[in-house]
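Each remark here refers to the structure printed beneath this line.
Letters A, B, ... are given to chains in the order of the sequence lines, protein chains preceding strands, and every chain is numbered from 1. All figures in this text were calculated on a predicted structure; none of them were measured in a lab.
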Amino acid sequence: MEADRDLVRKIAALAMLELSPEEEAEFARDMNLIMGYMERLSEVDTHGIEPMEHVLPLENVLRPDIPEEFSRSDDLLKCAAMVKDNCYVVPSVVDAL
Amino acid sequence: MSIIDMTIKETIDLLRRRETSSRELTELALERIRQENSRINAFITVCADVALSQAEAADKRLGTEDRISPLCGIPMGIKDNLCTRGVRTTCASKMLEQFIPPYDATAVERLLSSGSVLLGKLNMDEFGMGSSSENSIFGSVRNPWDTERVAGGSSGGSAAAVASGLCSFALGSDTGGSIRQPASFCGVVGLKPTYGLVSRYGMAAFASSMDQIGPITRDVTDCALVLNGIAGHDPRDSTTVRGIGEDYSHGLEQDELQIRVGLPKEYFGSGLDEDVKNAVYKAVSMLEEAGAVLGESSLPTTDYAVEAHFIISSSEASSNLARYDGIRYGYQNANAKNLEELYRLSRGDGFGSGVKRRILLGTHILSAGYRDQLYIKALRARKMITDDFMKNFESFDLIATPVYPETAFRLGEKSGNPLEMYLGDIYTVGANLAGLPALVVPCGLDRKGLPIGIQLVGKPFSEKLLLRAGYAIEQRVGRLKPKTKCQG
């Protein structure tokens, strides 16, 4: 893989990260250096080995769905930058007609 | 020696005999923080009022209750990626610089209900991403043994605070060595528990399949006492296991160790500093003295453990950090004109460069065309690495290794080279990939006078055996301690 600024811009768009032109250049350099090394892994023979996502043998464990009252919604709303009438405020999502 | 430099075990006796109080201990710790923190930069936030009122409550309990936790009244510091209700929790990031959690992490909640006293929050690499605690918006943590050197990372503040007597014990978190390497660099004890032993509820996630919270303490006995305080099933973390109700502090002093200890040859090869190698060998000979049988073992998959760990941790990080959208909590850029811009600008401004690099690499790894080639490949390698460890445990009860290829490096020495920084984690990432418990105990000093730790890795849930072996080493090495300004 050869990372250039176009690739960094594309990935940054996927990851919703605004980058400065200097950062784009820096991360393109880093990506080449780091991925160039990490791709050594492709030489390892993993034929017939199952991918292991997790160390525990995980299975779905369901608990009874019992509603609990949460009385501190004010504390949660206090964490937000903009709140109005008990709701989070965001820029308009739909263009005005 | 000031009582604030004593171990928890020593302090308990004084508290029980009413020769000191939690209030006195807490005031001494706060005073030490005032004197030393500008030099070490271990604490991001100090909550003196909270601490003093908790100390008074602890003193009441110590005076009235019979069955009381050994941690009652003991002043602690908490890594700043663990939520503390009403006390700012920043992850050393601009993204969470103003974040005041409305709840406690389970590990913190358990310690507080034991009566431990929260002094404040400890510095770290932003979101746990780093091995030097230099990537913090609050500045680098400095090593108490030599303030021109790093304390290690990412739990550098936790290790430095315990080493310099700013708190009696601390909690850290470990995704690739973040408890163990700073413990080694600062000459204190650090434990990464088995995956699933300690609840991760309330920890800001880095790589969820590998993150674990664990103790950083002055000695092995204290480590066992803190582990007792935080371990156990939590309905709010579905990966915590049920039915492990052990007293880790019981029976530590049984010095007779009828165990087999493996020394993986791949961990002692080129690139390992001579002083570190010699100190680890010497510590291993102490285990032999206590009755252990030593043997050479092999972990051939070590060769690609860093690569597998990097690919998996970056992938999980890119997904975990997607939650920081600037809306419900965290930094928000005020100039955004639409929703997408709000996300992009808030995340672009709020995250530091090391975190952005991780997110970008993780996003790339999981993107179309690369997922199978990189991510799935790394998951297959992870299985091979885990099998490799488990095969070793057929012949050995535990594996003894160095923690890091060298002792604490100079501030700034590696910060320009992220790849070199990742590669240093070679001896610690295996335990995270395989979910194994790993204990670090100080075992000597190098010729520069800097501390060296030994790492003991065991089967899942073998913490007790690791602590017993660590105790045997500690009894023979003695406690290592840096000089602090106020002790002269």
| message | Looking only at heavy atoms and a cut-off of under 4.5 Å, which of A/S42, A/A81, A/P51, A/A80 has the most pairs with chain B? | response | A/P51
| field | Interface moiety of B/E340 toward chain A, non-hydrogen atoms closer than 4.5 Å | value | both
| Part of B/D387 within contact of chain A (heavy atom distance under 4.5 Å) | neither
| request: Using a 4.5 Å cut-off on heavy atoms from C-beta on, say whether the side chain of B/T239 contacts that of A/H54. | output: yes
| Which region of B/L321, side chain (C-beta onward) or backbone (N, CA, C, O), has a non-hydrogen atom less than 4.5 Å from a non-hydrogen atom of chain A, or is it both or neither? | neither
| message | If we define contacts as heavy-atom pairs under 4.5 Å, which of B/R85, B/E307, B/K337 has the most with chain A? | response | B/E307
| query | Given a strict heavy-atom distance threshold of 4.5 Å, which part of B/Y195 is in contact with chain A: side chain, backbone, both, or neither? | reply | both
| query | Of all heavy-atom pairs between B/P102 and A/D75, which one has the smallest distance, and what is that distance? | reply | CB-CB, 3.6 Å
| remark: Smallest heavy-atom separation, A/D45 atom then B/M384 atom, equals O-CE, 3.5 Å
| Is chain B contacted by the side chain of A/E53, its backbone, both, or neither, given a heavy-atom distance below 4.5 Å? | both
| So what's closer than 4.5 Å to chain A heavy atoms on B/I100: side chain, backbone, both or neither? | backbone
| Measuring heavy-atom distances to chain B, does A/L76 have an atom under 4.5 Å in its side chain, in its backbone, in both, or in neither? | both
| task | Would you confirm whether B/K377, through its side chain, and A/V44, through its main-chain N or O, come within 3.5 Å as a donor-acceptor pair? | result | yes
| Between B/A381 and A/L41, what is the shortest heavy-atom contact and its length? | CB-CD1, 4.0 Å
| task | Drop me the distance from A/E50's CD to B/I376's CD1, to the nearest 0.5 angstrom. | result | 10.5 Å
| query | CE of A/M31 to CG of B/L360: how many Å apart, nearest 0.5 Å? | reply | 7.0 Å
| note | Under 4.5 Å to a heavy atom of chain B? For A/Y37 that would be both
| message | Is B/Y343 in contact with chain A via its backbone, its side chain, both, or neither, using a 4.5 Å heavy-atom distance? | response | both
| said: Just verifying a value: how many Å separate A/H47 NE2 and B/R380 CZ, rounded to the nearest 0.5 Å? | reply: 9.5 Å
| remark: To the nearest 0.5 Å, atom OG1 of A/T46 lies from atom CZ of B/R382 at 15.0 Å
| said: To the closest 0.5 Å, what do you measure between CD1 (B/I365) and CD1 (A/I11)? | reply: 9.5 Å
| Do other residues, nucleotides or ligands put more than 12 heavy atoms under 6.0 Å from the NZ atom of B/K383? | no
| Within the side chain of B/R347, is there an N or O that forms a donor-acceptor pair under 3.5 Å with the backbone of A/A15? | yes
| Are A/M35 and B/L361 side-chain neighbours, meaning at least one heavy-atom pair lies under 4.5 Å? | yes
| Part of B/L423 lying under 4.5 Å from any heavy atom of chain A | side chain
| remark: Answer key: most heavy-atom pairs under 4.5 Å with chain A among B/T301, B/D325, B/T194, B/D303 is B/D303
| Heavy-atom closest contact (A/P91 atom, B/L342 atom, distance) | CD-CD2, 3.9 Å
| request: Answer with side chain, backbone, both or neither: which region of B/S318 has an atom nearer than 4.5 Å to a non-hydrogen atom of chain A? | output: neither
| Heavy-atom contact with chain A under 4.5 Å, split by part of B/Y331 | neither
| Most chain A-contacting option - heavy-atom pairs closer than 4.5 Å, from B/A378, B/S353, B/P460 | B/S353
| message | Please identify, among B/Q332, B/R328, B/E341, the residue contributing the most non-hydrogen atom pairs under 4.5 Å to chain A. | response | B/R328
| Derivation of the side-chain contact (heavy atoms from CB on, under 4.5 Å) call for A/V55 and B/M210 | CA-CA 8 Å; A/V55 296; B/M210 298 190 280; over 6 Å; no
| request: Heavy atoms only, distances under 4.5 angstrom: which of B/Y329, B/F99, B/Y375 has the most pairs with chain A? Name it, please. | output: B/Y329
| Which atoms of B/A434 approach chain A - backbone, side chain, both or neither, heavy atom under 4.5 Å | backbone
| query | Does the side chain of A/K10 reach to within under 4.5 Å of the side chain of B/S367, using non-hydrogen atoms? | reply | no
| query | Looking at B/L379, B/L419, B/L345, which has the largest count of heavy-atom pairs under 4.5 Å with chain A? | reply | B/L379
| task | Could you go through the side-chain contact (heavy atoms from CB on, under 4.5 Å) check for A/E18 and B/N333 one step at a time? | result | CA-CA 11 Å; A/E18 182 77 11; B/N333 181 298; over 6 Å; no
| Of the backbone (N, CA, C, O) and the side chain (C-beta and beyond), which part of B/A334 lies under 4.5 Å from a heavy atom of chain A, both, or neither? | neither
| request: Mind checking the CG-CZ spacing from A/L17 to B/F351? Nearest 0.5 Å is all I need. | output: 7.0 Å
| message | Looking at chain B, which one of A/V8, A/L33, A/D30 has the largest number of heavy-atom pairs inside 4.5 Å, strictly under? | response | A/D30
| Which answer fits B/I311, side chain, backbone, both or neither, if we ask what part of it has an atom under 4.5 Å from a heavy atom of chain A? | side chain
